[in-house]
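Presented below is the structure to which this report refers.
Just so we're on the same page: letters track the sequence lines, and every chain starts at 1. Note: hydrogens, waters and symmetry copies are ignored here, and every other heavy atom, side chains too, is used.
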Amino acid sequence: MKLSDQEMARKSKLERLAQENIDLFPRKVESTHSVYEIVAAFSSLSSEELEKKKEKIIVPGRIISVRKMGRATFFHIMDSRAKLQVYLREDKVSKRNYELFSLIDIGDIISVEGMLFKTQTGELTVLAESFTFLAKCLHPLPEKWHGLQDVEIRYRQRFLDLIMNPEQREVFRLRSAMISHVRKFFDGKGYIEVETPMMQPIPGGALARPFKTFHNALGMDLYLRIAPELYLKRLIVGGFEKVYEINRSFRNEGISSEHNPEFTMLEFYEAYADYNDMMDMTEELIQEMSLALLGKEEIAYGANKISLKRPWKRLKFKEALTTYSGLAPSRFDDRAGVIEFASTLTPEKQAPSYGKALDVIFDKCVKESLVQPTFVLNPPKEVSPLAKAARDDPDEAERFELVMGGMEIANAFSELSDPEEQRIRFEEQEQARKGGDEDAHWIDRDYIHALEYGLPPTGGEGIGIDRLVMLFADRKSIREVILFPLLRQKE
RNA sequence: GGCCCGUUAGCUCAACAGGUAGAGCAGCGGACUCUUAAUCCGCGGGUUGUAGGUUCGAGUCCUACACGGGUCACCA
């Protein structure tokens, strides 16, 4: 790897530091505060108050800017949440140490010991008495004014993105807070958090293509899970009334601004509940989350404002089709015509049936129109092999999809609990699979066996956490809310 | 996978119609003890994504490839 002139300069400074007998990789640094803690605790104090306090602090951080003026230097250090100015004077730190400081570059990590004061412009600043070298940054940092813009570098070298772009750090801080909120919410309702297999002999719980792997010792094919659903329902059979899991699922499909091959899903199941209860709980969870983390019930998403005020719109799947698809309601009576129409939307794959065709039309023509949170109720049963049939129509499923900002955020149903019907539905899926539908559900006999021990009436739901973060953080690409999104290998 | 767009110094970007690749920041040297996009003086830094082609001459035109973005398809 060829070094640039700037990298050579940094490397030679590192060597000179080594010659000065400075520990280049110290094991531990004592500190009294983080940068953020200092800013939070002392910013509001006046010069006089700081003077009186004589607070001596030791604070570590990364140098992000330097302004040298002869025998004095101002620079800023930062931590993940704040930055702090340091004032370094030759007469305070000794001539030798002041010269040593010239071996330190923007990007290096140091700790500074000194007293706090305020400059003439009122900025909280550390008057340094000494500094300790903690780590060398061997590459120049991106430009201070524009930061790092190149999306490819931002994703491939996320650490650089995080160093340079504070708003990006905030996205991931928000993501973390959202996940904490989810846990608090369910723990508070008496749910227990569980972990179910990510490697499964039969990938179930959703209609999607899996990643395949192999266990050497057992000589056994395994699949990365496409959903935790069937295992969570086994736990309901086992007697846990309320379970949730928040973790990764994997789908071997296209990558887009709404799809990453591995993504984080919240799934929760509650015995003696149905999909109506799930709707109430979803509204409550997301609305409270917004109030708690964003301080409001309305979120800005691109040019749109999304109101999370309850209750949210509830719309029958068929109504959604007739209202938003642009097709006259009467056209939906012509089953062959609907299949024909759906096929024009997906020329590479003919919709094999009426239910599938309706689903295609919903995806292509309806979803993007639903910006405000909308529960789309009762989609075709045939695309919902794990849901109970609707109470008033045997062709519909007792299921909803929550659509928001044009994206599907959640999917829930009153769980199918009749083992015999489940077996028939699996067999129908098997037929579709044989007919070339690679996404059709596999037959999971062990799951049917579990159902035979009795699954109580159960409501269950999955929420796409990444997409929810996109909405809360106002990001248009799922890669912006996943720390390390999958990219093609370079070279 | 199809189509469109992009790839120039460490970073952010210029370079008209094909005619010696530039700027700001960053870096290096110098001046400067309240600066904060510090300021002032000087200097270095490029296989223009890769490989070919057209041309007297290619960052610029053509072809292929790589990577990224967008979009459609596939898919939640």
Point to revise | Exam field: side chain A/Arg62 to backbone A/Ile109, donor-acceptor pair closer than 3.5 Å | key: no
Check your understanding: To the nearest Å, how far apart are A/Lys13 NZ and B/rG29 C1'?
Key -> 12 Å
Review point. Whole Å only: how far is the CE atom of A/Met69 from the P atom of B/rA38?
Key: 12 Å
Exercise for review: Determine the contact category for A/Arg251: base if any of its heavy atoms lies under 4.0 Å from a base atom, sugar-phosphate if only primed atoms, P, OP1 or OP2 are that close, otherwise nothing.
Suggested key: sugar-phosphate
Review point. Heavy atoms under 4.0 Å, any strand shown: does A/Gln149 hit a base, just sugar-phosphate, or nothing?
Key: sugar-phosphate
Exercise for review: Please state whether the rings of A/Phe74 and A/Tyr87 are parallel, tilted or perpendicular, taking 30° and 60° as the class boundaries.
Suggested key: parallel
Check your understanding: Below 4.0 angstrom from OP1 or OP2 of B/rA66, is there any side-chain N or O of A/Arg488?
Key -> no
Practice item. Find the distance A/Glu143:CD to B/rU12:P and express it as a whole number of Å. Key: 9 Å
**Study point:** Any A/Lys476 side-chain N or O less than 4.0 Å from OP1/OP2 of B/rG69
**Key:** no
Check your understanding: So does A/Arg67 reach the base of B/rU35 with its side chain, donor to acceptor, closer than 3.5 Å?
Key -> yes
Exercise for review: Give one of base, sugar-phosphate or nothing for A/Gln85, where a contact means two heavy atoms less than 4.0 Å apart.
Suggested key: base
Practice item. Report which part of the nucleic acid A/Arg156 touches: base, sugar-phosphate, or nothing (heavy-atom distance under 4.0 Å, all strands). Key: sugar-phosphate
Practice item. Can you tell me the distance, in whole Å, between the CD1 atom of A/Ile153 and the P atom of B/rC67? Key: 16 Å
Practice item. Look at the side chain of A/Gln6 against the base of B/rA26 and say whether a donor-acceptor pair falls under 3.5 Å; ignore hydrogens and angles. Key: yes
Review point. Between A/Lys144 and B/rC11, is there a side-chain N or O to OP1/OP2 distance below 4.0 Å?
Key: no
Review point. Touch check for A/Thr119, heavy atoms < 4.0 angstrom, all strands: base, sugar-phosphate only, or nothing?
Key: base
Exercise for review: Please state whether the rings of A/Phe131 and A/Phe101 are parallel, tilted or perpendicular, taking 30° and 60° as the class boundaries.
Suggested key: perpendicular
Exercise for review: Return the value, rounded to whole Å, for the distance between atom CD1 of A/Ile106 and atom P of B/rC11.
Suggested key: 16 Å
Study note, to complete from the structure: Answer for the Watson-Crick or wobble partner of B/rG68, both distances under 3.5 Å, is B/rC5
Exercise for review: May I have the distance from A/Ile77 (atom CD1) to B/rU35 (atom P), rounded to whole angstrom?
Suggested key: 20 Å
Practice item. Check whether any side-chain nitrogen or oxygen of A/Lys364 sits under 4.0 Å from OP1 or OP2 of B/rC74, and answer yes or no. Key: yes
Review point. Can you name the one residue among A/Glu398, A/Arg399, A/Arg425 that meets side-chain hydrogen bond (donor to acceptor under 3.5 Å, both in side chains) with A/Ser384?
Key: A/Arg399
Check your understanding: Salt bridge or not for A/Lys356 and A/Asp437, using N-O below 4.0 Å?
Key -> yes
Review point. Looking for any heavy atom pair under 4.0 Å, which part of the strands does A/Arg479 touch: base, sugar-phosphate only, or nothing?
Key: sugar-phosphate
**Study point:** A/Asp221 bridged to A/Lys212 by N-O distance under 4.0 Å
**Key:** yes
Exercise for review: Check whether the side chain of A/Asp5 and the base of B/rG27 form a donor-acceptor pair under 3.5 Å.
Suggested key: no
Check your understanding: Which part of the nucleic acid does A/Gly147 contact within heavy-atom distance under 4.0 Å: base, sugar-phosphate only, or nothing?
Key -> sugar-phosphate
Check your understanding: Base, sugar-phosphate alone, or nothing: which one does A/Phe117 contact when heavy atoms must sit under 4.0 Å apart?
Key -> base
Point to revise | Inter-nucleotide P distance (B/rG68, B/rG30), Å rounded | key: 44 Å
Revision key, fill the gap. Between A/Ala9 and A/Pro142, the residue closer to the 5' end of RNA chain B by nearest nucleotide is A/Pro142
**Study point:** Spacing of the P atoms in B/rU7 and B/rG44 (rounded, Å)
**Key:** 28 Å
Check your understanding: How is A/Leu487 classified with respect to the nucleic acid when contacts are heavy atoms under 4.0 Å: base, sugar-phosphate, or nothing?
Key -> sugar-phosphate
Practice item. For A/Asn165 and A/Leu162, indicate whether the former's side chain and the latter's backbone hold a donor-acceptor pair under 3.5 Å. Key: no
Practice item. Report yes if a donor N or O on one partner sits less than 3.5 Å from an acceptor N or O on the other, where the partners are the side chain of A/Glu152 and the base of B/rU7; otherwise report no. Key: no
Check your understanding: Checking all strands, does A/Lys367 fall into the base, sugar-phosphate, or nothing category for heavy-atom contacts under 4.0 angstrom?
Key -> base
Exercise for review: Identify whether any heavy atom of A/Glu90 sits under 4.0 Å from a base atom; if not, whether one sits that close to sugar-phosphate; answer base, sugar-phosphate or nothing.
Suggested key: nothing
Exercise for review: Quickly work out the A/Ile64 CD1 to B/rC25 C1' distance and round it to whole Å.
Suggested key: 15 Å
Exercise for review: Mind checking A/Phe75 for me? I need base, sugar-phosphate or nothing, with any heavy atom below 4.0 Å counting as a touch.
Suggested key: nothing
Practice item. For A/Arg71 and B/rU35, give me the distance from atom CZ to atom C1', rounded to whole Å. Key: 17 Å
Check your understanding: So, does the side chain of A/Asp150 form a donor-acceptor pair with the base of B/rU12 at under 3.5 Å?
Key -> no
